[in-house]
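Worksheet: the structure to be examined is printed underneath.
Each residue takes its place number in the sequence, starting with 1. Please read these numbers as outputs of a predicted model, since none were measured by experiment.
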Amino acid sequence: MIDRIAKGRRLERMCYDELAAYPYRWKTIRHKWLNIDFWQLFDVVVGSPTEIRFIQVKTGYCPTEVKDRIREMKLPSFCRKEVWCWFPKKGFIKEIIE
């Protein structure tokens, strides 16, 4: 049986490692008692002086319903909404949601 929480944390850590080359400050938005995502959509939030990136990390693919919920969110223009899907032999496939 796969431990979903451990797998999710491992993918989030890989996301952080990829973002480490940029001057971001990052934060995991998972609550340590409830294990919920920020707005129940985003796993990683990173920020710099000019932008904030909200990132949903998935394994394989992101369901259309989740992308639609992300698309419907209204955020200021300096914020980006992204979906990063992990594929074992390809790495992260990144998509910016407008």
Side-chain angles (χ1 to χ4, degrees):
M1 183 173 160
I2 297 173
D3 184 356
R4 294 181 316 136
I5 294 172
K7 182 172 81 169
R9 287 191 178 142
R10 188 170 50 248
L11 287 175
E12 290 169 15
R13 174 52 67 189
M14 291 166 53
C15 176
Y16 295 137
D17 292 344
E18 195 160 322
L19 291 167
Y22 301 98
Y24 289 119
R25 290 189 174 265
W26 55 271
K27 179 71 177 153
T28 300
I29 305 299
R30 192 174 308 282
H31 193 282
K32 71 180 181 180
W33 293 289
L34 300 176
N35 283 326
I36 58 172
D37 299 338
F38 192 53
W39 289 316
Q40 297 181 340
L41 287 175
F42 301 108
D43 299 311
V44 177
V45 176
V46 294
S48 72
T50 58
E51 73 175 343
I52 298 173
R53 295 169 69 178
F54 294 89
I55 303 171
Q56 171 62 265
V57 181
K58 291 287 192 183
T59 302
Y61 74 98
C62 183
T64 306
E65 306 86 47
V66 174
K67 286 184 182 180
D68 289 342
R69 285 182 55 209
I70 292 172
R71 195 171 286 113
E72 290 171 1
M73 290 203 61
K74 303 295 184 212
L75 295 175
S77 61
F78 59 87
C79 296
R80 285 186 7 195
K81 302 175 281 188
E82 302 178 28
V83 174
W84 290 24
C85 295
W86 172 257
F87 294 94
K89 296 188 189 230
K90 296 180 184 177
F92 281 112
I93 304 296
K94 302 166 191 162
E95 180 181 356
I96 297 173
I97 307 293
E98 299 292 332

Please evaluate residues Phe92 and Met14 with respect to the criterion side-chain contact (heavy atoms from CB on, under 4.5 Å), reporting the C-alpha separation (whole Å), side-chain torsions for both, the decisive distance (0.1 Å), and the verdict.
CA-CA 9 Å; Phe92 281 112; Met14 291 166 53; 4.0 Å; yes
For a side-chain contact (heavy atoms from CB on, under 4.5 Å) check, start with the C-alpha distance between Leu19 and Trp84, then their side-chain angles and the critical distance, and finish with the verdict.
CA-CA 12 Å; Leu19 291 167; Trp84 290 24; 3.8 Å; yes
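- Between the Lys81 side chain and the Ile97 main chain, no donor and acceptor come within less than 3.5 Å of each other.
- Other residues sharing the hydrophobic cluster of Phe87, ordered by chain and number and joined by side-chain separations under 4.5 Å: Ile93.
- The line from CZ of Arg80 to CD of Glu98 is 9.0 Å long, rounded to the nearest 0.5 Å.
- Shown here for Cys85 and Cys62, the closest heavy-atom pair between the two residues is SG-N, 3.7 Å.
- To the nearest 0.5 Å, the span separating NZ on Lys74 from SG on Cys79 amounts to 13.5 Å.
- Judged by distance alone, with hydrogens and angles left aside, the side-chain atoms of Asp43 form a donor-acceptor pair with the main-chain N or O of Val57 at under 3.5 Å.
- Taken to the nearest 0.5 Å, the CG atom of Leu41 stands 9.5 Å off from the CD atom of Glu72.
- With sequence neighbours left out, the side chain to side chain donor-acceptor pair (under 3.5 Å) criterion links Asp68 to Arg71.
- Within the model, atoms CD of Glu12 and CD of Gln56 stand 8.5 Å from one another, a figure rounded to the nearest 0.5 Å.
- The structure places OG1 of Thr59 at 9.5 Å from CH2 of Trp86, a figure rounded to the nearest 0.5 Å.
- A distance of 11.0 Å separates CD1 in Ile70 from CD1 in Ile55, rounded to the nearest 0.5 Å.
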All N/O donor-acceptor pairs, side-chain side in residues 45-53, below 3.5 Å, sequence neighbours left out:
unit_1: Ser48; atom_1: OG; unit_2: Thr50; atom_2: N; d: 3.4
unit_1: Ser48; atom_1: OG; unit_2: Thr50; atom_2: OG1; d: 3.4
unit_1: Ser48; atom_1: OG; unit_2: Glu51; atom_2: N; d: 3.3
unit_1: Glu51; atom_1: OE2; unit_2: Tyr24; atom_2: OH; d: 2.6
unit_1: Arg53; atom_1: NE; unit_2: Glu82; atom_2: OE2; d: 2.6
unit_1: Arg53; atom_1: NH1; unit_2: Tyr24; atom_2: OH; d: 3.0
unit_1: Arg53; atom_1: NH2; unit_2: Glu82; atom_2: OE1; d: 2.9
unit_1: Arg53; atom_1: NH2; unit_2: Glu82; atom_2: OE2; d: 3.1

